[in-house]
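Have a look at the structure below, then the notes.
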Amino acid sequence: MRRHFWIFGLILLLSACGRAEPVEGNLILTNYASEPVSNITVICDGNTFSSEEAISDTQLCSFSLPEKENVSYTVSFETDEGETVCENFTGSFAEGTAVYLRAVRAEGSWQLGYDHPS
């Protein structure tokens, strides 16, 4: 009986591994720092997309941008210290294409750049 209990527990554990919630949107920003960022804003093609929700510790925020090729866009967020981090990018949001960005804090300063999907 004890053996069946452990096997059942192992099956439950393995069934949860690798499970990822589907992400909606074609621009995904992940914050890899333990410090939160909030007021995330994307300006693209004359439109402004924003989220006031704070994210930290590998949480993400996603946006659905117009499906176009070679568009310039600006991403910014605010830190708890009141700093605004902003970066300009150019990319393609053609059908089915997603762009992944990362926010990290290294050596006391924030960096915003491209990320690779896992």
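Note that the structure is predicted; figures quoted are calculated from it, not measured. Counting from 1, the numbers follow the sequence of the chain as shown.
- A single hydrophobic cluster is not seen to contain both Y32 and Y114; linkage of ILVMFWY side chains at heavy-atom distances under 4.5 Å, directly or through other members, places them apart.
- With 3.5 Å as the limit, one finds no donor-acceptor pair spanning the side chains of D57 and S34.
- In this structure the side chain of F93 reaches within 4.5 angstrom of the side chain of V99, judged on heavy atoms.
- For E52, the CD atom sits in a loose shell: 12 or fewer heavy atoms of surrounding residues, nucleotides or ligands are nearer than 6.0 Å.
- Distance check: E81 CD to E35 CD gives 7.0 Å after rounding to the nearest 0.5 Å.
- There is a path of hydrophobic side-chain contacts, each under 4.5 Å, that joins V37 to F89.
- A salt bridge does not link E95 to K68: none of the charged nitrogens lies less than 4.0 Å from a carboxylate oxygen.
- To the nearest 0.5 Å, atoms CD (E87) and CZ (F77) are separated by 10.0 Å.
- Between the CG atom of L60 and the CD1 atom of I40 there is a distance of 9.5 Å, given to the nearest 0.5 Å.
- Side-chain contact check for L101 versus D115: every heavy-atom pair is 4.5 Å or farther apart.
- Pairing each heavy atom of T41 with each of S50, the nearest pair is OG1-CB, 3.9 Å.
- Side chains of T74 and C86 form a contact here, defined as non-hydrogen atoms less than 4.5 Å apart.
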Side chain to side chain contact (heavy atoms under 4.5 Å, CB included) between T48 and V42, intermediate numbers included: CA-CA 6 Å; T48 301; V42 179; over 6 Å; no

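- N26 approaches P66 most closely through the heavy-atom pair ND2-O, 4.5 Å.
- In this structure, D80 and P36 approach most closely via the heavy-atom pair OD2-CG, 3.2 Å.
- Linking ILVMFWY residues whenever their side-chain heavy atoms come closer than 4.5 Å, directly or via other members, places V71 and L65 in the same cluster.
- Proximity of L112 to W110: side-chain heavy atoms (C-beta onward) are nowhere separated by under 4.5 Å.
- Pairing each heavy atom of S56 with each of N31, the nearest pair is CA-ND2, 3.5 Å.
- S51 and E53 are not linked by any side-chain donor-acceptor pair at a separation below 3.5 angstrom, with hydrogens and angles left out of the test.
- The two atoms that bring S62 and I28 nearest to each other are CB-CG1, 3.9 Å, heavy atoms only.
- Within the 4.5 Å cutoff, the side chain of V75 has heavy atoms near those of the L27 side chain.
- Contact detail for Y73 and G91: the closest heavy-atom pair is CE2-N, 3.8 Å.
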